Structures are given as C-alpha cells and as structure tokens.
Chemist: 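This structure is in structure tokens; I'll ask about it shortly.
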Amino acid sequence: MPNAKDAQTGYERIIVAGNTGSGKTTQILTLPGKKFVYVFDPNCLASLRGHDVEYEEFLPEVTEIDSTLKGFNKGAKDDSPASAKEPTLYLRWIEDLNRREAEGSFDEYDWVIFDSLTFLAQALMDRQLYINNRYGKVEDLGDYRVVGSKLSDVFRTITSLPINIYCTGHLTSYQDEKTKKTEVQLQLPGKARVMLPLVCTNIWLALPPTVDEGKYKIQTRPDARGLQTIRSSVKGLEPFEDVTIADFDNPGASGIGALLGRK
C-alpha cells in the first residue's frame with residue numbers, strides 16, 4: 001500500500017495574482033526548465049521578449065470586437081452594428097488545448113503557463129453572451145455562473161495533467177449587499193473564484209516595488225483585510241518574500257523559481 005512518506009514531490013499549480021506592474025508575468029522567466037505560455041494578455045510578450053520561452057498567442061481578432069454603444073436609459077436605443085461579430089477566441093484556444101493534449105505536445109515542457117486568467121475568463125464571457133444573442137450587452141448573474149462553472153471544469157482537467165502549471169491573475173473588490181463587508185478576491189467569475197484556488201498548490205499575491213527599496217515581493221500568507229485565498233505549499237516561507245530577479249538568464253536562481261527550489 002502506498003505511504004505518503006515515500007511519495008515524490010508533486011507538480012506545482014501556481015496562481016500569482018496582483019495589480020498591473022507587480023511583476024507577475026516577468027516571474028515566468030525564473031521558472032526552471034522548458035516553458036510554454038498561452039498568451040491572452042496583450043502586454044505579456046513585452047515582459048518575455050528576448051528570452052527562450054515558447055508561446056501561442058490568443059487575442060481577439062478585429063472582427064470579434066463589438067465597438068457599438070449601448071443605451072441604458074428607458075426608451076434608449078442601441079447602435080446597430082455594421083456587421084455580425086462572433087467572438088471565437090475561446091473556441092480557438094480550447095481546440096488548441098485539446099489538440100496539444102491529445103498529441104502529447106505538453107510532455108516536452110516543464111511548465112505550461114496561462115497569462116492571464118483575467119483575459120481568458122473574458123473570452124469565455126464573450127462567447128457566453130454571443131450564443132445567447134446578447135454579445136456586447138451587460139453581463140448578468142446567470143452569465144457569471146455559467147462562465148465560472150465552465151472555467152472551473154476546464155482547469156480541473158488542466159491541473160490533472162502531469163506538468164507544472166503557472167497562472168497570472170488580477171484582483172477585484174466585492175461588497176456583500178447584506179453585510180456591507182468588502183472582500184478582496186481573485187478577478188474570476190462565479191464558481192471559478194472558489195474552485196481554481198482549490199486545485200492549486202500555491203496562491204501568492206504579487207506586490208509592486210516600493211519606491212525606496214525598488215524590490216519586488218510576494219505575499220505568502222493572508223492577512224486580515226486582503227486576499228484570503230493566499231496559501232503556500234513551500235514550507236518555511238516568510239509572510240513577504242523578496243522575488244526580485246537578480247539574473248534573467250539563470251532560471252531558478254532568483255525570484256519565484258528560487259522559492260520553489262527550497263522544497
């Protein structure tokens with residue numbers, strides 16, 4: 001019978017969340033081994049350019065973007081689009097994901113990376129609204145439930161793959177209508193806010209560099225007022241760890257890659 005004391009270290013499933021400029025994308029360069037990035041954020045390649053990182057970019061095509069204005073006053077009119085817009089980004093990505101998994105393409109990589117979950121979730125939402133003939137209109141609660149559930153299902157499958165996973169994401173504030181309590185949460189729809197952290201080994205908060213020190217840090221434990229889903233499987237980490245990158249050409253020597261090397 002298997003015994004946990006004999007088990008080898010499992011694969012990492014990491015979410016690094018934070019505001020723009022906190023360095024969460026650049027930390028990809030510190031991960032040891034061969035990396036493949038699914039790029040959804042249009043700013044991602046600016047951080048990775050010039051480094052040995054393979055990627056596939058999934059951005060909305062011009063024909064997918066609904067730029068018409070929407071009325072919200074009683075009796076207001078919506079602009080009529082010049083042509084039908086069909087958002088296909090999510091479909092194109094899920095077909096690519098399924099093809100690579102079926103062909104065993106991920107076997108050659110040490111890390112599969114998703115930058116970022118925020119833009120991926122938006123692609124799902126665009127598709128959800130389109131198939132309900134509401135593309136370009138304001139999302140309702142039912143849309144968030146459907147998209148959150150589907151995103152959770154997809155990532156339960158992804159995190160079952162025998163490979164390390166690294167995701168970036170953003171934060172949002174939510175106020176409970178009854179208690180009026182404001183909480184900081186991952187910027188994910190519906191069920192995904194709960195399920196994605198459950199299938200991850202580490203959820204860390206990336207902090208912007210301070211003016212005086214100029215160092216990048218991550219928060220590894222939750223505090224009373226911030227993101228409560230922060231957790232770490234790396235034992236012995238301080239509540240705030242310096243992840244400033246000392247050598248961009250030596251993955252694993254600094255940053256998050258060095259923290260993972262402590263396991």
Side-chain angles (χ1 to χ4, degrees), residues 11-61 88-124 151 154-171 186-188 192 196-197 199-206 216 218 243 245 247-261:
Y11 294 99
E12 297 290 352
R13 286 86 170 84
I14 300 172
I15 296 178
V16 177
N19 295 322
T20 300
S22 55
K24 52 190 180 294
T25 298
T26 308
Q27 289 295 328
I28 293 170
L29 301 175
T30 73
L31 302 175
K34 190 173 182 180
K35 297 172 278 287
F36 174 81
V37 183
Y38 274 120
V39 175
F40 304 102
D41 188 329
N43 297 310
C44 173
L45 292 183
S47 299
L48 304 182
R49 186 181 295 116
H51 296 275
D52 185 17
V53 179
E54 297 183 17
Y55 70 92
E56 192 70 42
E57 195 171 30
F58 285 89
L59 302 178
E61 297 178 353
T88 61
L89 192 157
Y90 171 66
L91 295 181
R92 289 185 279 120
W93 169 69
I94 205 68
E95 289 174 358
D96 184 89
L97 179 73
N98 290 334
R99 177 184 59 80
R100 291 178 185 273
E101 195 281 327
E103 295 175 352
S105 300
F106 293 131
D107 294 346
E108 63 180 287
Y109 300 103
D110 297 290
W111 292 88
V112 173
I113 298 156
F114 300 84
D115 189 278
S116 68
L117 294 176
T118 310
F119 283 90
L120 175 57
Q122 185 58 54
L124 270 76
L151 188 60
V154 170
F155 264 84
R156 278 195 298 149
T157 301
I158 289 173
T159 54
S160 69
L161 298 174
I163 195 169
N164 297 303
I165 305 293
Y166 180 96
C167 306
T168 66
H170 296 82
L171 302 174
L186 292 173
Q187 191 170 328
L188 293 171
L196 264 65
V199 297
C200 289
T201 56
N202 298 284
I203 300 100
W204 292 327
L205 178 62
Y216 289 85
I218 61 166
V243 291
I245 302 175
D247 186 355
F248 284 89
D249 296 319
N250 189 9
S254 58
I256 286 177
L259 295 186
L260 296 175

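None of the values given here were measured: they were computed from a predicted structure. The residues of the chain are indexed from 1 along the displayed sequence.
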Chemist: Could you tell me which non-hydrogen atom of Pro32 sits nearest to which non-hydrogen atom of Gly257, and how far apart they are?
Modeler: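 The answer is CD-CA, 4.2 Å.
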
Chemist: What are the two closest heavy atoms between Ile245 and Ser254, and how far apart are they?
Modeler: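 Where Ile245 meets Ser254 most closely, the heavy atoms are CA-OG, 3.6 Å.
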
Chemist: Given Tyr55, which of Leu48, Val37, Ile113, Ile28 fulfils the side chain to side chain contact (heavy atoms under 4.5 Å, CB included) condition?
Modeler: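 Of the listed residues Leu48, Val37, Ile113, Ile28, the side chain to side chain contact (heavy atoms under 4.5 Å, CB included) partner of Tyr55 is Val37.
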
Chemist: Do we see a donor-acceptor contact under 3.5 Å between the side chains of Tyr216 and Gln27?
Modeler: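 No, no side-chain donor-acceptor contact under 3.5 Å.
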
Chemist: Is any side-chain heavy atom of Thr20 less than 4.5 Å from a side-chain heavy atom of Asn43?
Modeler: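 They are not in side-chain contact.
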
Chemist: Over all heavy atoms of both residues, which pair between Ser47 and Thr25 is shortest? Give the atoms and the distance, please.
Modeler: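 Closest approach of Ser47 to Thr25, heavy atoms only: CB-CG2, 3.8 Å.
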
Chemist: Does the side chain of Trp204 reach to within under 4.5 Å of the side chain of Val243, using non-hydrogen atoms?
Modeler: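 Of all side-chain heavy-atom pairs linking Val243 with Trp204, none is under 4.5 Å.
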
Chemist: I want to check something: taking the side chain as every heavy atom from C-beta on, are Val39 and Leu45 in contact at a cut-off of under 4.5 Å?
Modeler: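 Yes. Closest side-chain heavy atoms under 4.5 Å.
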
Chemist: Atom NZ of Lys35 and atom CG of Asp110: how far apart are they, to the nearest 0.5 Å?
Modeler: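 One finds 8.0 Å between NZ of Lys35 and CG of Asp110.
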
Chemist: Near Tyr109 OH, under 6.0 Å, is it more than 12 heavy atoms from other residues, nucleotides or ligands?
Modeler: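 Yes, enclosed.
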
Chemist: What are the two closest heavy atoms between Ile203 and Pro197, and how far apart are they?
Modeler: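 The pair with the smallest heavy-atom distance is CD1-O, 3.6 Å.
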
Chemist: For Leu97 and Thr157: C-alpha separation, side-chain torsions, deciding distance, then whether side chain to side chain contact (heavy atoms under 4.5 Å, CB included) applies.
Modeler: CA-CA 11 Å; Leu97 179 73; Thr157 301; over 6 Å; no

Chemist: To the nearest 0.5 Å, what is the distance between CG (Asp247) and OG1 (Thr30)?
Modeler: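 Going from the CG atom of Asp247 to the OG1 atom of Thr30 covers 11.5 Å.
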
Chemist: Show your working on side chain to side chain contact (heavy atoms under 4.5 Å, CB included) between Tyr166 and Val16 and close with a plain yes or no.
Modeler: CA-CA 8 Å; Tyr166 180 96; Val16 177; 3.5 Å; yes

Chemist: If I take atom CG from residue Leu171 and atom CG from residue Leu186, how far apart are they, to the nearest 0.5 angstrom?
Modeler: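 Those atoms lie 6.5 Å apart.
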
Chemist: Do the non-hydrogen side-chain atoms of Leu120 and Phe155 ever get within less than 4.5 Å of each other?
Modeler: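 They are in contact (side-chain heavy atoms under 4.5 Å apart), so the answer is yes.
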
Chemist: For Leu260 and Leu31, run side chain to side chain contact (heavy atoms under 4.5 Å, CB included): C-alpha distance rounded to whole Å, both residues' side-chain angles, the deciding distance at 0.1 Å, then the answer.
Modeler: CA-CA 9 Å; Leu260 296 175; Leu31 302 175; 4.1 Å; yes

Chemist: Any chance the side chains of Asp96 and Tyr38 put a donor and an acceptor closer than 3.5 Å?
Modeler: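 Per modelled atom types, Asp96 and Tyr38 side chains form a pair under 3.5 Å.
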
Chemist: How long is the gap from CG on Leu89 to CG on Leu124, to the nearest 0.5 Å?
Modeler: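 Interatomic distance, Leu89 CG to Leu124 CG, rounded to 0.5 Å: 9.5 Å.
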
Chemist: Could you report the tightest heavy-atom contact between Phe106 and Leu161, atom names first, then the distance?
Modeler: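 Phe106 and Leu161 have their closest heavy atoms at CD1-CD1, 4.2 Å.
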
Chemist: Measure from the side-chain N and O atoms of Arg13 to the backbone N and O of Ile163, and report whether any donor-acceptor pair falls under 3.5 Å.
Modeler: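 Checked: pair present.
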
Chemist: Would a 4.5 Å heavy-atom cut-off, applied to side chains only, mark Val112 and Ile158 as touching?
Modeler: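 They are not in contact (no side-chain heavy atoms under 4.5 Å apart), so the answer is no.
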
Chemist: Is the shortest side-chain heavy-atom distance between Glu56 and Trp93 below 4.5 Å?
Modeler: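 They are not in contact (no side-chain heavy atoms under 4.5 Å apart), so the answer is no.
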
Chemist: Quick one: are Tyr90 and Leu151 in side-chain contact, heavy atoms under 4.5 Å?
Modeler: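 Side chain of Tyr90 against side chain of Leu151, heavy atoms only: no contact under 4.5 Å found.
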
Chemist: Starting from the C-alpha separation in whole Å, work towards a yes-or-no answer on side chain to side chain contact (heavy atoms under 4.5 Å, CB included) for Leu196 and Leu188.
Modeler: CA-CA 9 Å; Leu196 264 65; Leu188 293 171; 3.9 Å; yes

Chemist: What heavy-atom pair brings Phe248 and His51 nearest, and what distance separates the two atoms?
Modeler: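 So the minimum-distance heavy-atom pair works out to CB-CE1, 3.7 Å.
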
Chemist: Between Lys24 (side chain only) and Thr168 (backbone N and O only), is there a donor and an acceptor less than 3.5 Å apart?
Modeler: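 It does not hold such a pair.
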
Chemist: Mark yes or no for whether Asp41, through its side chain, and Asp115, through its backbone, hold a donor-acceptor pair below 3.5 Å.
Modeler: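 A pair under 3.5 Å: no.
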
Chemist: Measure the OG-CD distance between Ser116 and Gln122 for me, rounded to the nearest 0.5 Å.
Modeler: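 So the OG of Ser116 and the CD of Gln122 are separated by 10.5 Å.
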
Chemist: About how many Å separate CD of Glu108 and CZ of Phe36, when rounded to the nearest 0.5 Å?
Modeler: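 Result: 9.5 Å between the selected atoms.
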
Chemist: Testing Glu103, Glu101, Glu95 one by one against Arg99 for a salt bridge (Lys or Arg N to Asp or Glu O under 4.0 Å), which residue passes?
Modeler: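 The salt bridge (Lys or Arg N to Asp or Glu O under 4.0 Å) with Arg99 is passed solely by Glu103 among Glu103, Glu101, Glu95.
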
